[in-house]
Structures are given as structure tokens and as C-alpha cells.
Q: 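Quick one: the structure is below, and I'll ask about it shortly.
All chains are named by letter (A, B, ...) in the order of the sequence lines, taking the proteins before the strands, and each is independently numbered beginning at 1.
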2 protein chains.
Amino acid sequence: MTALEPLKPTDSGALPRYREIYDALRQKIVSGAWPAGHKLPSEHELARTFGCARMTISKALGALAEQRLITRRRRAGTTVSAPRPQESVLEIHDIEAELVAAGSTYDYECLDRQVRPANADDASALGVTAGTPVLSLIGLHRADGRPHAFEERLINLRAVPEARRERFSRTSPGRWLLQRIPWTDAEHQICALNADAAIARRLEIPRHKACLSIERNTWLDEQRITHVRLIYPCDQHRLIARFRHQRA
Amino acid sequence: MTALEPLKPTDSGALPRYREIYDALRQKIVSGAWPAGHKLPSEHELARTFGCARMTISKALGALAEQRLITRRRRAGTTVSAPRPQESVLEIHDIEAELVAAGSTYDYECLDRQVRPANADDASALGVTAGTPVLSLIGLHRADGRPHAFEERLINLRAVPEARRERFSRTSPGRWLLQRIPWTDAEHQICALNADAAIARRLEIPRHKACLSIERNTWLDEQRITHVRLIYPCDQHRLIARFRHQRA
DNA sequence: TTCCCTGATATGTCTAGGCATATTATGATT
DNA sequence: AATCATAATATGCCTAGACATATCAGGGAA
């Protein structure tokens, strides 16, 4: 827990002042010199230490608070936050874009297409009342001609009536929706499962082979747009998530 | 593309001014009134429109830029960003905290512990040069007495020398590290796999049962701290990721 | 034309104050 | 001792300016 030093008068001038201060304070925290719960000097005091206006300190502290590294409370002052459960940013890409970027050819084949009033399963998966018209699609994504992912999808035709006219025989519904329909929220659930007979046949893999299942629900404000479940053989897909350091 | 209205003089005073401005501008963008590429009025102009100082406008724009909803460039001005590929926030919790929160009992059992110079496998997994001293730990997490997750971990003893003295016979190394060692970056890789004989025996599941594998690498700035691989039976773990609407 | 110089412009950062508000500490009253 | 009013304090938000800097538009020279 060493003392703060006033920064050199930024002769090189590469970084803005508030950024230098941000970095200096951040270093104290991530290095452990200021452990969780440690009370920082007041803004006035920091302004004196660093030789700048309080507003500049406030900006640096604001950025640290944004990153959840510190907690600021009026009168109570500023303290180092406790680490909070890990939280990563997971990018989930469009299958087609991903494959094309990797230099593979891509195509989509429709295996089944039905328009029907939502049955009980549909209703619970899509979160609509039974009887709502839905479009059910089952399809296969291929990379270089070989099966890559199996897709089961439900589209809420009340939210996306124009999907009723679409055949989806070669264009993947994911891409079609992404380009046309705005949406505000999404939720993903990721789990592992053993391929059952139907999946094994479609993906041309042995029965019981491990697969990664990604389920996605999409909303436009309060309205449900679509529910999709993608199943990848274990050796063909891998999610990568990168962390941004945050604390609560 | 309707005109901006000066906000009412915040009679209720619930939200700070910059937040109201942030919300007003954000509404223009997410509603589509200002499409991607649209040029926003200059800060001076916005300050006149909203009847406040330019600094206040700048703060609102700064927050929008942070959310990647707009792009700001000197002289060129501020424009609405293009939507970017889906990005979800994935929370990966501490196993113990998760189980205790769910009302289960938790314990950890150490199955193997070795201090050794990094061999080729260690070196590539942990990203250190061969010969660097590492602590290798293999352990089992139990929930209500039943196996819940299998853990293989490597700790860089050059980064965390104090781990050498720790037995880790009952305390999980994850928790120990999380509480003691600061870190700045992490990366997760998630995939599915079939249980091999060793994993099946440890987790008391049939061979070939699908499992979810989560690998995590942790850094403190440039230095590698630890590499861990957690394997969960498919019916015992599920990751959930929620989306935050962002643009680039 | 092409290239470079120059001025105009919009954002980036900063200052030195101000009032507002939440919270804690203190002191007075019951 | 317990409760409540009050003052002190630290952050939160704001202003009205300032200079710095990146970039664009225009004009003049090769």
C-alpha cells in the first residue's frame, strides 16, 4: 500500500491526463496494493496529489466506476469493489459468415417446413399462447458439403407475418431474420448433449456422440420473435468468450 | 427523422440532465429515426437545442460512444454506428457460490497434486516456457456428495509463488486464487466432449456421456496465472448468456 | 491536374469555480 | 441510553469559458 506520487508533468503528452490518472489508480487496484474495501483518498485530495482540477479526477473515477473497479457513494467516499463473479463477453456469430470467413463453402438445406397453430411444446419454447400461428423449420447447415449444424426453429408469425411467404429452401432463416427483423434482446443457453438417432442421422455422426447445443430466444421489446436450437458435433464448434475486468 | 425538442426544465428532477439527453438521443438511434451513418448535430448545436453547457452534451455523447451506439471523430463530427454481430454477456460463476446459492452442499476433493517443471503440454496449455515451475492440480467438485465437476488445473508458480505452500486438499484452487490473486484478463473456451474412461470414473457417469468442457486462461497483465479445464456432465450444467444491444 | 499550405470547424480535454444531495458524525433532547 | 435534528463532508452534476488537435474544404503553386 505505497503512497501515490504526483505524475510527471506529462511532457510527452501522449495520453490525456485523466487517462494517466485512471491508469495509475487502476494499477493500485489490479496489483492488489489497494485490496477490496480499501478507501480511496477524496477527490479533493487526489486533485491536490495529481495537481489537477477535481473534474479531471472525477472523470478518471467515473471511468473506473464504469468498469466496476470502484464504488462511489456520496459522503461515504470511494472504495475498491469486491471482485464479482466472472462475466465474459461471448460473441455468437452468424454460421454462414463464420464459415465463409474460414474459407469454407456454405449451404443450407430445409428438411421440414410447417405453418401451424402453436401446440403446447411450441407455446412453451416460443413463449406464446397456444394457437398462435407459428412457422416451424428444421434444417441443416453444411460446410464444404458435410453436415455442420442441425437447426430447429420456431418463428412467431404474429411478430413476423412476412415469414409465412418465405420458403427457406436454400436461405437460412437465421440470416433472413437477422437482415430484416429488428430485435432488442436475446438470451442464449448452452449445454452438451448426446446425439439421439435423429440428430446422428442428420449430422452423419455416430449415435451418442457429444454435441454442443445452443438455444437462442429473441425479443423485439416484449414480443417474442423466434426460438432456435442449433446442434453442433463436438469437434466442429467451440465458443470463445473474452473477459473484461469488472468488479461489483 | 423528426426534430429534437428542448427538454422540459427537469421540474421533477429525477434523472440528471446528461442522462435525459443520453436517453433522448439513444431513442433516436434505437428507434431507427437516425439510421446507421446519420450525422448528429454538433455539440454546440445540441447544447443550444437542449439549453445546457457543451460539457453536458459531451458527457451524454461519451456515454453513447461507450455503448458503441455512435462514433465521434474530431472535426468530422458524430455519426450513428453500424450494428455489430451479436454479443452476449456470459456469466461464469464460482462453482461453490453457485451450488450454495442453489441450496446444495459443496465440497472439493484433491485427487492429485504435483509441483514440476513445465513439460511440453503444460507449457502450451499455460503459455509459459518449458521448465517454468508449475503446480498441477486435479480435483473433483461435489454437490450434495455427488460428483459435479472434474477439474484439471495448472498454476504458474512464477506468477503465484505462494501457491506452492498450499495443499488444496479441501479448498478449491479456483476460490483460493480468486480471493488472493488479482488478474486482469481471462479467456474461456466452451465445447462438448464425450467422457473418456478416466472422466467417467471420476464423475460416476457412463462412458461416452456428453459433457460440457469449459477451459479458462487467466492473465495478470502479460503474465499467465492459471489454466483450468472444468468438465460437467451434460445434465448438471448449462450456461446462460444475455444479450446487450450494442453497435459498432 | 496534383500537391501542399492554410484556415475553419468539431471534438477532446481541461480549469476553477458553483449548487445539489446523500450520508455520516455530532450534539442536543427526551 | 435512545432518539432525533443538525452540521460537515464527499461525491454528483453543472457552467462558461479555454486551449489542443484532428480533419475537412479551399486556394494557390508546381
Q: For the residue pair Leu61(B) and Ile70(B), what are the closest heavy atoms and their distance?
A: O-CD1, 3.4 Å
Q: Can you check the Tyr18(A) OH to dT15(C) C1' distance for me, whole Å?
A: 16 Å
Q: Pick one: which of Thr71(B), Leu64(B), Leu69(B) meets side-chain contact (heavy atoms from CB on, under 4.5 Å) with Ser81(B)?
A: Thr71(B)
Q: Side chain of Arg19(A), base of dT13(C): donor and acceptor closer than 3.5 Å?
A: no
Q: Would you say the side chain of Arg54(A) and the base of dG12(D) hold a donor-acceptor pair, judged only by whether the two atoms sit under 3.5 Å apart?
A: yes
Q: If I take atom CD in residue Glu66(A) and atom P in nucleotide dT11(D), what distance separates them, rounded to the nearest angstrom?
A: 18 Å
Q: Identify the residue among Arg74(B), Lys59(B), Arg48(B), Arg72(B) that makes a salt bridge (charged side-chain N to carboxylate O under 4.0 Å, His left out) with Glu43(B).
A: Arg72(B)
Q: Taking atom CD of Glu162(A) as the centre, does the number of heavy atoms from other residues, nucleotides or ligands within less than 6.0 Å exceed 12?
A: yes
Q: Rounded to the nearest Å, what distance is computed from the CE atom of residue Met55(A) to the P atom of nucleotide dA16(C)?
A: 14 Å
Q: More 5' along DNA chain C: Arg75(A) or Glu43(B), using each one's nearest nucleotide?
A: Glu43(B)
Q: Look at the rings of Tyr106(B) and His141(B) and say which category their plane angle falls in: under 30° parallel, 30 to 60° tilted, over 60° perpendicular.
A: tilted
Q: What closest approach, in Å, do Pro133(B) and Arg158(B) show between heavy atoms, and which atom pair accounts for it?
A: CD-NH2, 3.4 Å
Q: To the nearest Å, give me how far apart OH (Tyr22(A)) and C1' (dT13(C)) are.
A: 17 Å
Q: Is the phosphate of dT9(C) approached by Ser42(B) (side-chain N or O, under 4.0 Å from OP1 or OP2)?
A: no
Q: Which sits closer to the 5' end of DNA chain D, Arg73(B) or Arg72(A), going by the nucleotide each is nearest to?
A: Arg72(A)
Q: Once you round it to whole Å, what is the distance between P of dA10(D) and CG of Leu40(A)?
A: 13 Å
Q: At under 4.0 Å, does any side-chain N or O of Thr78(A) touch on OP1 or OP2 of dA10(D)?
A: no
Q: Let's see if you can work this out: which of dT15(D), dT9(D), dC14(D) has an atom nearest to the side-chain heavy atoms of Ala53(B)?
A: dT15(D)
Q: Out of dT15(D), dC14(D), dA10(D), which has the shortest distance to the side chain of Pro16(B)?
A: dC14(D)
Q: Expressed as a whole number of angstroms, how long is the span from Glu20(B):CD to dC14(D):C1'?
A: 13 Å
Q: Given dC13(D), dT11(C), dT15(D), identify the nucleotide with an atom nearest to the side chain of His44(B).
A: dT11(C)
Q: Return the residues of residues 57-65 of chain B meeting this criterion: a heavy atom under 4.0 Å from some atom of DNA chain D. Order them by number, or give none.
A: Lys59(B)
Q: If I take atom CG in residue Leu15(A) and atom P in nucleotide dG12(C), what distance separates them, rounded to the nearest angstrom?
A: 16 Å
Q: Whole angstroms only, please: what is the CZ-C1' distance between Arg17(A) and dT15(C)?
A: 12 Å
Q: Shortest non-hydrogen contact from Gly127(A) to Arg224(A)?
A: CA-NH1, 3.7 Å
